[in-house]
*Asks:* 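Structure in structure tokens, see below.
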Amino acid sequence: MLQVNYIKENKQEVIERLAIKNFTDTDIIEKIILLDNNRKEIQKKLDDNLSESKSIAKEIGILFKTGKTGEANQLKQKTGDLKKLSKELSEQLDKTSKDLKYLLLEVPNIPHPAVPKGKTEEDNKIVFEEGELPKLDEVALPHWELAKKYDIINFELGSKVTGAGFPFYKGKGARLQRALINFFLYEALKEGYLEYQPPLLINEASGYGTGQLPDKDDQMYHIGIDNFYLIPTAEVPITNIYRDTIIKEGDFPIKNVAYSSCFRREAGSYGKDVRGLNRLHQFDKVEIVQIQHPEKSYQTLEEMKEYVSSLIRKLELPFRISILCGGDLSFTSALTYDFEVYSAAQKKWLEVSSVSNFESFQANRMKLRFKDKNGKTRLAHTLNGSALALPRIVAALLENNQSDNGIKIPKVLVDYTGFELIS
RNA sequence: GGAGAGGUGGCCGAGCGGUUUAAGGCGCGCGCUUGGAAAGCGUGUGUCCCGCCACAGCGGGACCGGGGGUUCGAAUCCCUUCCUCUCCGCCA
């Protein structure tokens, strides 16, 4: 959520930069400014009114205490009109504030100047590429075939027990999953992240805090009976730790890491692009979250980018990094780096991580603040990134490392898997 | 699932219709004291909104889990909802 004052003071800039995100509803900006002015006016009237009522009530109190009941009763009659007016004004104020908040929730975060214009992922700007693309035989198999051949992931069984998009990992498949989770967690610990194991269900307030609600509620699984949501990412519980808090400036940077299963309904978009592990309803991810001083958040974003790169490099996978264009950038993000690994048998790039700076957008929504040197309360910046999401990493590992002998496990993982080959 | 207790400032904790402008304590900031520190003494100490004015300050309003009500006046009374704790039941 953007701050109204920022919108007011930088109206033209806000409109121009939101256009990069293909948000062109300038009316809404005008309405926000108008509503905020109304809100202030009503607030002033209401406050004056309440002030008067309060002082009369106090007088009556004193009169009763000193036995001047007659005078007190006279004064009582004066308050009728004031009371009525207060009620009207506070209803107006309430409505105006609600309308204002509703509109503010509709406005996406302002993209960073580095964000390129564009509509689809075609327009994302590739800023880095590393590793040689493996050349496989024509007989090379896609990962869903490999999974079947070596009996390590069973999609049909998942369909039977739950539904499409909920696979079983089996034998060395399951062990590979566990190895990757451990590897990612230990690497994060080395980087100074504090490990959390969060709840997998969250309440409504947390959904609003990180911005999944109100607009993305259909993408989360909902437990109606208790009104909980299954987390789409550990970002939600981990960032919400700091909802409604004021932290000390000395606490920056806060660096948290968490492994969790992630649950996504992602209604629609079925087809060949979503076969196998490419898109699942339940998957595993290790997520890093940082809370940082506004002046250091972009430096932190770069550090996180380097960290994620180092993980993929250790797994010996070719990858590239792009800056998401305005159209592909999420509602809440100001700048996002997307990481893709090359999946040799499918001959395409698979997204395995996105690392984002939300600036104060999430912080404003969840009232995450800090006291600066001068004792002023300011909004902190939040950042997060996948480090990493498992399924597409597994897909690339299986496909890229296949040979006649079996699938070779990258050196760095062998200590965690306890085997070097899936055969 | 059943029964009970309770949600008050950064924390503990009093208040249970009218100078509450939320006591007191702890913590923290500043000052005095000291060779330095501790102790002691003094002093200050929340969040949000509005106005004046602006590197600071002054004034007003809201906030005692959330929402609603009674009243001239609510932390205090009533309704409703959420949460926490204890005991019982069930259970990894």
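Lettering of chains follows the sequences in order, A, B, ..., and the numbering in each one begins at 1.
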*Asks:* Counting the atoms with a prime plus P, OP1 and OP2 as sugar-phosphate, which does A:Lys54 contact under 4.0 Å by heavy atoms, base, sugar-phosphate, or nothing?
*Replies:*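 Since only primed, P, OP1 and OP2 atoms lie under 4.0 Å of A:Lys54, the category is sugar-phosphate.
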*Asks:* In whole angstrom, what separates A:Asp244's CG from B:rC63's P?
*Replies:*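 In whole Å, B:rC63 P lies 18 Å from A:Asp244 CG.
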*Asks:* If pairing requires Watson-Crick or G-U wobble contacts with both distances under 3.5 Å, which nucleotide is the partner of B:rC83?
*Replies:*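 In the structure as shown, B:rC83 has B:rG6 as its Watson-Crick or wobble partner.
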*Asks:* Rounded to whole angstrom, note down the C1' distance from B:rG15 over to B:rU76.
*Replies:*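 It comes out at 8 Å once rounded to the nearest Å.
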*Asks:* Provide, to the nearest angstrom, the distance between the CG atom belonging to A:Asp251 and the P atom belonging to B:rG10.
*Replies:*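 Rounding to the nearest Å, CG of A:Asp251 and P of B:rG10 are 16 Å apart.
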*Asks:* Looking only at side-chain atoms of A:Leu50, point me to the closest of B:rC49, B:rG61, B:rG18.
*Replies:*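 The answer is B:rG61.
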*Asks:* Heavy atoms only, 4.0 Å cut-off, all strands: where does A:Ser53 land among base, sugar-phosphate and nothing?
*Replies:*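 The residue A:Ser53 makes no contact with any strand.
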*Asks:* Say we look at B:rU33 and B:rU86: how far apart would their C1' atoms be, to the nearest angstrom?
*Replies:*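 Going atom to atom, C1' in each nucleotide, I get 50 Å.
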*Asks:* Just name whichever nucleotide pairs with B:rG1, Watson-Crick or G-U, keeping both distances under 3.5 Å, else none.
*Replies:*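 Checking every strand shown, B:rG1 finds its partner in B:rC88, with both distances under 3.5 Å.
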*Asks:* Could you check whether the rings of A:Tyr298 and A:His112 sit parallel, tilted or perpendicular, using 30° and 60° as the cut-offs?
*Replies:*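 The arrangement is tilted - the two ring planes meet at 30° to 60°.
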*Asks:* For A:Ile62, which contact category applies under a 4.0 Å heavy-atom criterion: base, sugar-phosphate, or nothing?
*Replies:*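 A:Ile62: no heavy atom of the nucleic acid under 4.0 Å.
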*Asks:* Taking atom CD of A:Glu13 as the centre, report whether more than 12 heavy atoms of other residues, nucleotides or ligands fall under 6.0 Å from it.
*Replies:*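 Atom CD in A:Glu13 is crowded, with more than 12 foreign heavy atoms closer than 6.0 Å.
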*Asks:* If you compare every side-chain N and O of A:Thr377 against the phosphate oxygens of B:rU47 (OP1, OP2), does one of them come in below 4.0 Å?
*Replies:*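 True: A:Thr377 side-chain N/O within range (under 4.0 Å) of B:rU47 OP1/OP2.
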*Asks:* Looking across every strand, which nucleic acid part, if any, lies under 4.0 Å from A:Ile56 by heavy atom: base, sugar-phosphate, or nothing?
*Replies:*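 If one applies the 4.0 Å heavy-atom cut-off, A:Ile56 turns out to touch nothing in the nucleic acid.
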*Asks:* A:Phe64 has an atom CZ; how far is it from atom C1' of B:rU19, in whole Å?
*Replies:*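 My rounded result for the distance is 17 Å.
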*Asks:* Donor-acceptor pair, A:Asn278 side chain versus A:Arg392 backbone, under 3.5 Å?
*Replies:*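 Side chain of A:Asn278 to backbone of A:Arg392, a donor-acceptor pair under 3.5 Å: no, none is there.
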*Asks:* What is the separation between atom NZ on A:Lys101 and atom C1' on B:rC49, rounded to the nearest whole Å?
*Replies:*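 Between C1' of B:rC49 and NZ of A:Lys101: 14 Å.
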*Asks:* Without decimals, in angstroms, what is the distance between A:Asp81 CG and B:rC72 P?
*Replies:*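 Roughly 14 Å, once rounded to whole Å.
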*Asks:* Return the 5'-most residue of the pair A:Lys44, A:Glu52 with respect to RNA chain B, ranking by each residue's nearest nucleotide.
*Replies:*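 Nearest nucleotide further toward 5': that of A:Lys44.
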*Asks:* What does B:rU47 pair with, Watson-Crick or G-U, if both distances are under 3.5 Å?
*Replies:*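 The base-pairing partner of B:rU47, which may sit in any strand shown, is B:rA62.
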*Asks:* Write down the distance separating the C1' atoms in B:rU71 and B:rC79, rounded off to the nearest Å.
*Replies:*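 Comparing C1' positions in B:rU71 and B:rC79 gives a spacing of 16 Å.
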*Asks:* Salt-bridge test for A:Arg378 and A:Glu295: reply yes if a basic N is under 4.0 Å from a carboxylate O, no otherwise.
*Replies:*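 Here A:Arg378 pairs with A:Glu295 in a salt bridge, since their nearest N and O are under 4.0 Å apart.
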*Asks:* Can you find a side chain N or O atom of A:Lys45 that sits less than 4.0 Å from OP1 or OP2 on B:rG61?
*Replies:*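 Answer no for this pair, as no side-chain N or O of A:Lys45 is under 4.0 Å from OP1 or OP2.
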*Asks:* Between A:Phe252 and A:Lys296, is there a cation-pi geometry (under 6.0 Å to ring centre, at most 45° from the normal)?
*Replies:*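 No cation-pi geometry.
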*Asks:* In terms of side-chain heavy atoms of A:Lys371, which of B:rC72, B:rU47, B:rC49 is nearest?
*Replies:*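 Nearest to the side chain of A:Lys371 among the choices is B:rU47.
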*Asks:* Report the residue (A:Lys58 or A:Asp48) whose heavy-atom-nearest nucleotide on RNA chain B is the more 5′ of the two.
*Replies:*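 In this pair, the answer is A:Lys58.
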*Asks:* Please report the distance separating the P of B:rG29 from the corresponding atom of B:rG73, rounded so that it comes out in whole Å.
*Replies:*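 Going atom to atom, P in each nucleotide, I get 43 Å.
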*Asks:* When the C1' atoms of B:rG9 and B:rA14 are considered, how many whole Å apart are they?
*Replies:*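 After rounding to an integer number of Å, I get 13 Å for this pair.
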*Asks:* Can you identify which nucleotide, out of B:rC50, B:rC72, B:rG61, has its nearest atom closest to the A:Lys40 side chain?
*Replies:*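 It is B:rC50.
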*Asks:* Is it the case that B:rG61 (base atoms only) and A:Asp47 (side chain only) share a donor and an acceptor within less than 3.5 Å, ignoring hydrogens and angles?
*Replies:*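 Between B:rG61 and A:Asp47, which were checked side chain against base, a qualifying N/O pair under 3.5 Å is absent.
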*Asks:* Say we look at B:rC49 and B:rG44: how far apart would their C1' atoms be, to the nearest angstrom?
*Replies:*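 Rounded to whole Å, the distance is 24 Å.
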*Asks:* Would you check if there is a donor-acceptor pair between the side chains of A:Gln177 and A:Asp284 at a distance under 3.5 Å?
*Replies:*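 Yes, side-chain donor-acceptor contact under 3.5 Å.
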*Asks:* Paired with B:rA14 by Watson-Crick or G-U wobble geometry, both distances under 3.5 Å: which nucleotide is it?
*Replies:*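 Here B:rA14 is not engaged in any pair, so there is no nucleotide opposite it.
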*Asks:* Could you tell me how far B:rC28 sits from B:rC11 if I compare only their C1' atoms? Round to whole Å.
*Replies:*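 Taking atom C1' in both B:rC11 and B:rC28, they lie 11 Å apart.
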*Asks:* Write down the distance separating the C1' atoms in B:rA75 and B:rG66, rounded off to the nearest Å.
*Replies:*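 It comes out at 15 Å once rounded to the nearest Å.
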*Asks:* With respect to the side chain of A:Arg369, which nucleotide from B:rU47, B:rG18, B:rC49 is positioned closest?
*Replies:*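 So the nucleotide nearest the side chain must be B:rU47.
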*Asks:* Write down the partner of B:rA23 under the Watson-Crick or G-U wobble criteria, each distance required to be under 3.5 Å.
*Replies:*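 Across all strands, not a single nucleotide pairs with B:rA23.
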*Asks:* Return the nucleotide paired to B:rA54: Watson-Crick means purine N1 to pyrimidine N3 with N6-O4 or O6-N4, wobble means G-U with N1-O2 and O6-N3, both under 3.5 Å.
*Replies:*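 The answer is none; no pair meets the criterion.
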*Asks:* Could you check whether A:Lys125 and A:Ser322, counting side-chain N and O atoms only, form a donor-acceptor pair closer than 3.5 Å?
*Replies:*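 Note: A:Ser322 and A:Lys125 side chains miss the donor-acceptor criterion.
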*Asks:* Separation of A:Lys367 atom NZ from B:rC49 atom P, in whole Å?
*Replies:*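 After rounding, the gap between these two atoms is 8 Å.
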*Asks:* Verify whether one side chain among A:Lys8 and A:Asn37 offers a donor that lies under 3.5 Å from an acceptor in the other.
*Replies:*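 Yes.
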*Asks:* Round to a whole Å and report the spacing from CG of A:Asn364 to P of B:rU47.
*Replies:*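 My rounded result for the distance is 17 Å.
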*Asks:* In whole angstroms, how far is the P atom of B:rC52 from the CD atom of A:Glu41?
*Replies:*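 Result: 12 Å.
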*Asks:* Would you indicate what A:Lys248 reaches in the nucleic acid, counting non-hydrogen atoms under 4.0 angstrom: base, sugar-phosphate, or nothing?
*Replies:*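 Nothing, no heavy atom under 4.0 Å.
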*Asks:* Searching all strands shown, indicate the nucleotide that pairs with B:rC30 (Watson-Crick or G-U wobble; both distances under 3.5 Å).
*Replies:*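 B:rC30 is paired, partner B:rG42.
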*Asks:* Considering just the side-chain nitrogens and oxygens of A:Ser51, establish if one lies under 4.0 Å of OP1 or OP2 belonging to B:rG60.
*Replies:*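 No, A:Ser51 has no side-chain N/O under 4.0 Å of OP1/OP2 on B:rG60.
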